[in-house]
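Below you'll find the structure, written out as structure tokens, and then a few comments.
Just follow the structure's listing: the first ligand is 1, and inside any ligand the first atom is 1. Reckoned from all heavy atoms, side chains included, excluding hydrogens, waters and symmetry mates.
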Amino acid sequence: MGDEIMVWQDLCVHRGTRLSLGHVGGGQLHCGYHGWTYSSSGECVRIPAHPEQRPPPKARVKAYHAKVGYGLIWASLGDPAAGLPPFPEWDDPSYRKISCGPFAYNAGAPRAVENFLDVGHFPFVHEGLLGDPGHAQIEDYDVESTPDGILATGVRVWQPDPDGSGVGRYVNYIYGVRRPFTAYFSKSSDGETYMIQLNVTPVDELRCIAWMTIGMNYGFDVPEDELRAFQEKIVGQDIPVVESQRPERLPLDLQAELHLRSDRIAVAYRKWIKQAGLSFGTS
Ligand code: FES
Ligand code: FE
């Protein structure tokens, strides 16, 4: 899945100029300042001021494995252990897709993902939209965890406005985790499904950028901007809460915070990333 592309580090080794100011041509990257030319593997192959001179071996930039997929560019800092995460609705024409974001969080990626998976906050953070304090009780639901991911099913919630249409209803959620920083939910009622796949790019341990793709098998006549504005409003309500959380690094020791039955997805997520050996953004 995904077409291979080339991605290089963004600083020229000659004078530290941003290489993104230059251009790519013939599979090579040309710096915009003095025209040093880098091959796809990152070595400098030409210095225009001295075309007869062989560039020194030290003149090289880092090149990364990267792919295009789901309307995004995916780069791996090392050798990727797996391909792109699955996203079945992306190739399913019965779903329209709307890309949202990027959303910048002054918070770590694990905190942002856990918030996306959180069921209990709807009536308080998204009152009048995704939740209603009069319906705050969470019924039990199932969570399955395998090495490939987490799946929570049977999460039934009353939502005053599940999709921006303003029509309240009970929806049945499925939540899934496909990679440490890739999660999704789908919520359905009467054959209509609204889903979001979330991908979070860590900037560093305490900052991240979230990319969300909405998939809907209904509402084809609703303008994209309206659907995007609804999601921007929801995320705008989540960000201050997530940024306020302390410790900033998600505690993987389950004794460190209090957990309820309704937090089963979050507990599964913490255990799963611990098992996967993820320490980045966690404590
Ligand atoms: Fe890139 Fe000089 S700074 S070629
Ligand atoms: Fe939220």
Parallel, tilted or perpendicular: rings of H121 and H126 (30°, 60°)
perpendicular
Around atom 3 (S) of ligand 1, find the nearest protein heavy atom and jot down its residue, atom name and distance.
T17 OG1, 3.1 Å
Return the closest protein heavy atom for atom 2 (Fe) of ligand 1 as residue, atom name and distance.
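It is H34 ND1, 2.0 Å.
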Suppose I only count heavy atoms of [X] and a 4.0 Å limit; which atoms of ligand 1 are within that range?
| X | result |
| --- | --- |
| R15 | 3 (S) |
| C31 | 1 (Fe), 3 (S), 4 (S) |
| W36 | 4 (S) |

Using a cut-off of strictly less than 2.8 Å, determine whether D238 has an N/O/S atom near the Fe ion (ligand 2).
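Yes, D238 qualifies, because one of its backbone or side-chain N, O or S atoms lies under 2.8 Å.
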Between V200 and I209, is there a side-chain heavy-atom distance shorter than 4.5 Å?
no
Compare all side-chain heavy atoms of V119 with those of Y173 and state whether any distance is below 4.5 angstrom.
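A side-chain contact is absent here, since even the closest heavy-atom pair is not under 4.5 Å.
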If two hydrophobic side chains count as joined below 4.5 Å and joins carry through other members, does V155 share a cluster with Y269?
yes
Any N/O/S of H14 under 2.8 Å from atom 1 (Fe) of ligand 1?
no
What N, O or S atom of H126 is found closest to the Fe ion (ligand 2)?
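In H126, the heteroatom (N, O or S) nearest the Fe ion (ligand 2) is NE2.
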Is the shortest side-chain N to carboxylate O distance from E257 to R270 below 4.0 Å?
yes
Grab the two heavy atoms, one from G168 and one from P162, that are nearest each other, plus how far apart they are.
CA-CD, 4.4 Å
